[in-house]
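Everything below concerns the one structure shown next.
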Amino acid sequence: MNFSFKNYDPEGFFDEMFEADGSVRLGYEHFKERVEQLSQEEFLSRQQSAERALMAMGITFNVYAENEGTERIMPVDIIPRIVETKEWEKIEKGLIQRITALNLFLNDIYSDQKIIKDGIIPAEVIHSSKDFLKPCIGIKPAKNIYIHITGTDLIRGSDGEYMILEDNLRCPSGVSYMMENRELLKQTFPEVVAKTQIRPISDYPNKLLEMLRFISDRPDPTVVVLTPGIYNSAYFEHSYLAQQMGVELVDARDLVVHEGYVKMRTTKGFQIVDVIYRRIDDTFLDPTVFNPDSMIGIPGIFDVYKNGKVAIANAPGTGVADDKVIYAYVPRIIKYYLNEEPIIQNVKTYICSEEEDRNYVLANIEKLVVKEANEAGGYGMLIGPKSTKEEQEKFKALILSNPRNYIAQPTISLSRVPCLIEDHAEGRHVDLRPYILYGDGVNVMPGGLTRVALRKGSLVVNSSQGGGSKDTWVMY
């Protein structure tokens, strides 16, 4: 018996593969036709081969909250998410607009603060963000670029329109899974990939290195990737990217500030480091300036950065634009700096520090998704329709005790993509994280990490919360 999508039921959700009338969306025809020529056993065997390949490659992430061992294989589903050319063109334009505006915003709030003086964003919103770093005021990053690497999360609701769910501007992760998923799909469906016009993503490490070299003023800069160490949840990615770029992977033990420069210990002595792609949060970078308890930072590195003797990507201070309360103001930020309307809209957001919004959230908490301003990874969140009365009361108390720390959004029925569940296809909710590089211009990689909520009915796609991923094919 051949594998078939015949009994697949979108169950009323917007489906990425099938139209509401059951016909196949543009881009998926060849994939569906080829897959349905495979026997059930052959299709299941290809999924199992992909899982074995992940295991062999050691593509893992860490779950800090689990007791029974922290390292996990990132689950992958072999049915790809396909994005049509016209859809992608809008995504690309929207992301370039957003990153351009956010970079102007960061340059402004650490210098003249015109956006505050002109009353677009209240001063209190900026200054109360735990990621607004006062030591960064007055410092200009290399080439005036703060956000060199971004992973922006997009979702689609029931109408099929893309919306921005959140911006990840400090240390966005997942790009290694995007790349390895593509390699897996090439092995899993070589004949489909060969005959489908998919835009390549394999040059991401080259483009990343090119961008990192661009932000240095030296003709042949030394670039390193700074990791917190092997116990970090994304350590696989840190080592993967360093290897792919052909640069050193270092931690705090390898770097030292010496004679006004950041230097790397080598077997031949000290070597000056010109560019650091840091995968540690801003406040852990330098214990003499930020968190004095940091064991993963380099004492004195901030002074070297301030004096323009080392470039750091992403620039220290970027985290304020990751704040979920600042997110609510991004449409105003785009309008203020670019005099344009957002090409891709935000999800409707209620700011709990504003009385009218807070009252609405408290009265309707069972319908809303409530998020902590500075949490990530699916933590610090309440999904109202799936929560208990006890959980709702707990979050009401949290909001009342610290309104600035919470936002709320309507519960959106995320779009779905067929996934292989046991021996048949079932729909699971997804988001999309494209990766954007900002060096000599803004460059959106044609693809991204499609994260999928593998638990039936779940809207939480994070790997730390039981999610997996899919390859994302952007068509020519």
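Quick caveat, the model's predicted, so the values are computed rather than measured.
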Under a 4.0 Å threshold between the charged nitrogen and the carboxylate oxygen, would Asp131 count as salt-bridged to Arg170?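 Salt bridge flag = yes for Asp131 with Arg170.
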
Answer yes or no: is there an ion pair linking Lys32 with Glu36, defined by an N-O contact shorter than 4.0 Å?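 Yes.
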
Show the numbers, then the answer: is there a side chain to side chain contact (heavy atoms under 4.5 Å, CB included) between Glu191 and His30? CA-CA 10 Å; Glu191 65 286 0; His30 180 61; over 6 Å; no

For [X] and [Y], which I'm curious about, is there any donor-acceptor pair between the side chains at under 3.5 Å?
{"X": "Tyr337", "Y": "Asp108", "value": "yes"}
{"X": "Asn103", "Y": "Arg98", "value": "no"}
{"X": "Asn168", "Y": "Asp153", "value": "yes"}
{"X": "Thr283", "Y": "Asp281", "value": "no"}

Sorted by chain and residue number, the side-chain contact (heavy atoms from CB on, under 4.5 Å) partners of Gln97 (sequence neighbours excluded) come out as Ile334, Leu338, Glu340, Pro342, Ile343

Test Arg25 against every option in Glu84, Glu19, Glu16 by the salt bridge (Lys or Arg N to Asp or Glu O under 4.0 Å) rule and name the one that passes.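 Going through the options one by one, the only one that passes is Glu19.
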
Go through Glu183 and Gln187 one step at a time and tell me if the side-chain hydrogen bond (donor to acceptor under 3.5 Å, both in side chains) criterion holds. CA-CA 6 Å; Glu183 292 308 308; Gln187 295 167 31; 5.3 Å; no

Relative to the ring of Phe3, is the ring of Phe43 parallel (under 30°), tilted (30 to 60°) or perpendicular (over 60°)?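 The rings of Phe43 and Phe3 sit tilted, inter-plane angle from 30° to 60°.
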
Among residues two or more places apart or on two chains, list those pairs meeting salt bridge (Lys or Arg N to Asp or Glu O under 4.0 Å) that have a residue in residues 385-401. Glu393-Lys396

Has Lys143 got its NZ or CZ under 6.0 Å from the middle of the six-membered ring of Phe214, at an angle within 45 degrees of the ring axis? yes

Listed once per pair and sorted, the ring-ring contact (aromatic ring centres under 6.0 Å, His included) pairs that draw on residues 349-369, sequence neighbours left out: Tyr350-Tyr360

Which one of Ile155, Val369, Ile164, Ile407 satisfies the side chain to side chain contact (heavy atoms under 4.5 Å, CB included) criterion with Val347? Ile155

